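See structure below.
In the text below, chain A, chain B and the rest are named by the order of the sequence lines, each starting its count at 1. Computed from a prediction, not measured in an experiment: that's the story for all the values here.
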Amino acid sequence: MTKTFFAKGSSRSLDRLLPLILLPVALIALGPVVRLLLEGIGFGDGFTTDHLTKVLTRPSTGTALMNSLVTAGGGTLLSVLIGATFAFLVALTDIRGKGALVFCLMVPMMIPPQITALAWMQMAGPSSTLLKLLGLAPPLGSPQPLHSPGGIILLLGIQHASLVFLTLRAGLRMIPADLVEAARMSGAGSLRVWAQIVLPLSMPALIAGGAMAFVTALGNFGIPAMLGIPAGYATLPTLIYQRLVGMGPSVLPEVAVLSLLIGAIAIMGVLFSRSVLSRKGFGLVGLSGTPLALSLGRVRGAVEMALWAFIFVILALPLFALLATSLIPAYGVPLTFNTATFDAWKEVLLIQPGTRRAYGNSLMLATSAATILLLISLPLAWLIQRRPNRLSRILDALIDLPYALPGVVLSIACILTFLNLPFTELTLYGTIWIILLAYLARFFVVMLRPIQASIAQLDPAMEEAAASVGARLGRRLRDVVLPLAAPSAAAGAILVFLTAVNELTVSALLWSSGTETLGVVIYNLEDSGETVMASALAMSIVLLIVLLMGLVQAGAKRLPKGVIPWQS
Amino acid sequence: MAELIFSNLSKQFDGAPALDRINAQIKSGEFVALLGPSGCGKTTLLRLTAGFEHPSAGEIRIGGQSVAGGGQFVPPEERGIGIVFQSYALWPHKSVSANVSYPLEVRRVPRVERQARVNEALSLTGLSDFAQRMPAQLSGGQRQRVALARCLVFDPRAVLLDEPLANLDLALRASMHEVFSMFHRRTGATMLYVTHDQGEALALADRVAVMESGKIRQFAAPEVLYREPVDCFVAGFVGDGAVVSVRPTGQVDRNGLMLKVLGQEVLSRSATAEPSHVSIRPESITLSDDAPLRARVTGCTYLGGRFRLSLDAAGETLVAFARQRATIGETVGIKLQDLWAFRDPDGTVLMEKVLAYA
């Protein structure tokens, strides 16, 4: 009876104006994706399947597709292994320091993949400063072991383990405590309860998490670019990058087909994961709670040691290696107290115009994207939540798409859309605005969902109370909705900033001289052999990220559930 | 202060009727309770009055001005109506005094006057010491009073209260009854009070509208509802007692009708010459050893000062009060007097509804 909120359309002008923001949002967020779909069937030159057949039958396509499936598949297996181990141990046992452990496991997710790859490369191979420091470096001339499919799989697995972890932990929290208690009353021991009750019930979450890790690994550009290109091992995203960079916009129709291919696989993965999660397999009834607080007894210390050692290896060690490389005067020089220098740091942060410009560009892009999205998302989230209509429902369902699709796919879509602006001779290709537009489309959902979550939690009576005492829509939004959604909006803005400031995949395809971003510059520095400077730049970005993550974490108590991606 | 008029007011949600042609007039300054089981449409009527819903048909007039219906709709912010929500809906980011002063800020009342009116509203509700607290630091009863003060401060034309005591414990409810009565006396505001608790409705309201299935069954003063219910639903829903079907004997006295009730001839008050049922309140039954009508005691509960007896007489369950405890299974004689008879052809159906809500 009280479920319906405000009735439709009162006579106030803001009431009629507000829904108008739906249109530009739909155009920016979904326009490029639609344009890409049209390109695949030969939009502009009449309907044709020529590109499709030509590209799909080329041998390089088949090889890249195979490589993509192998590395993404292998990486997913590793992610499931790592993520599930951590999830079961953190959610079901009495180990200590869970908060810190989870935070550390989540850091790799927030560090951009090209920096992860760079850091790991500093940990292995003959030129590793860290190994030299320890006297463990292999002889000169021996190959970099990470420049291989195995290396790609290893890093993809580590990068996306947190996705599996988060999904599975959320699933474990849904299991009603009384199911476990009932099993215990029937005489089952802890291990039997885990194997026969908890594991089967959490299977859908595990599968869904795996599917998400697979989709993300498939679209990953930074890791196969850093590790695969030097070894001549191409995946679909790097193949697209190499063809577009090598041949220019003339190959657009072909790469559009390639990106549609990844897009199709990615969407199938997302749909599969959603359907598994929504069906859940079982109708779980009962109070959810801590399903199992398994006491590890005497092995607890050993388990904790093992988990922290693992964190040390996947997080601290690569970062140490990166730091070590950033402190030497030239690549190959061993790090000692005499050789250690901040020259590379000074060079990238203060002297080199290219890196300083990249910092400026990335900070500008991230700040603009965060600000613009903040301004649009607040009224948009309110509209979707409080005045749903057909357009807002469609938008709500599809706005995930630009974020779920691999970055290369969105980049190609944006190039196609903005290469020639409709009805003008203007082009945005080669300007910084195309990157900004792509960021707006891609990160919309990162900003929208937290705000939506906090408005959904808001009792509609809060706004009705304001209306009844005479506040019009504008005032209600400003005085009631905005202050109460502010913590989530701030978290969303920081997340957009965090993701945008390190972004490589989209800008790698959209940058041109003068509009390079941090991600692009790190990649180019490493590509041209300036590993020390690349490391210094990468290290400065890691510090920025950890600082921002800490900032969001500090405000965690004031945020609704689900706002912070590294907390389920 | 303004009168509220509902004319042929109907509301459907996705085709399902919630209100069915409501006609009622609430006088300026009157305290009216909407009483009914959950799902009867009372909250819908309240939300239509506030302007949170659009009527499907019919009209609402506040103080002579049409606010909904006839092609026009005045939004809630322009109706000048205060509402106290079941959840209180205090803004958690504003202090008590900021919550109370917000309606005046929206109306651009100058600061000095605003402060004075906020202080007055706070002292009237006994909240002066809590002005700087945040809502989270208040108890349930205090929050309720903040919501009331927020309503009172801008002199609304009418005040709507949506089950305001549902979230409070029993002891607090009694003290809040007095706060509401005091509030009504001091402000003289027209008040519309939604509740499913008949004790609250009968205790507080000048008049009570008993609602069921989107219709108003009876709209009358509490004592009229109790003594002269119009149908089986009202008789069963309001107050204690029993409803029994009767047969008129045809004899008419100047004090009422002579009816055959449970095999006995009893003189009853009645609004009609051909009643079908009588309402037998506990006060209408006197225990008397030599009475011809015999009843078996099936239950006995102590109410403090007296006992409530459930009696089985000729297959009907009656309720009586007694000064002494009775043994279950014991047979007593009962005398009936001062009954109220009414005509309700759908009586049996309605009685089932009452039992379903019980």
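The stretch residues 12-22 of chain B participates, sequence neighbours left out, in these salt bridge (charged side-chain N to carboxylate O under 4.0 Å, His left out) pairs: Asp20(B)-Lys215(B).
In this structure, no portion of Leu46(B) lies under 4.5 Å from any heavy atom of chain A. Contacts of Ile83(B) with chain A are made by both backbone and side-chain atoms, with heavy-atom separations under 4.5 Å.
Contact detail for Tyr102(B) and Arg475(A): the closest heavy-atom pair is OH-O, 3.8 Å. Heavy atoms only, all atoms of each residue included: Phe154(B) and Ser468(A) are closest at CZ-O, 3.7 Å.
Residues that satisfy the side chain to side chain contact (heavy atoms under 4.5 Å, CB included) test with Pro92(B), not counting sequence neighbours, are Met462(A), Leu484(A). Residues satisfying the side chain to side chain contact (heavy atoms under 4.5 Å, CB included) criterion with Ala68(B), sequence neighbours excluded, are Pro55(B), Ile60(B), Phe73(B), Arg79(B).
Other residues, nucleotides and ligands place more than 12 heavy atoms under 6.0 Å from the CD atom of Gln12(B).
Residues of residues 103-112 of chain B placed with any heavy atom under 4.5 Å of a heavy atom in chain A are listed by number as Pro103(B), Glu105(B), Val106(B), Arg107(B).
Here the CZ atom belonging to Arg476(A) is positioned 5.0 Å from the CD atom belonging to Glu77(B), to the nearest 0.5 angstrom.
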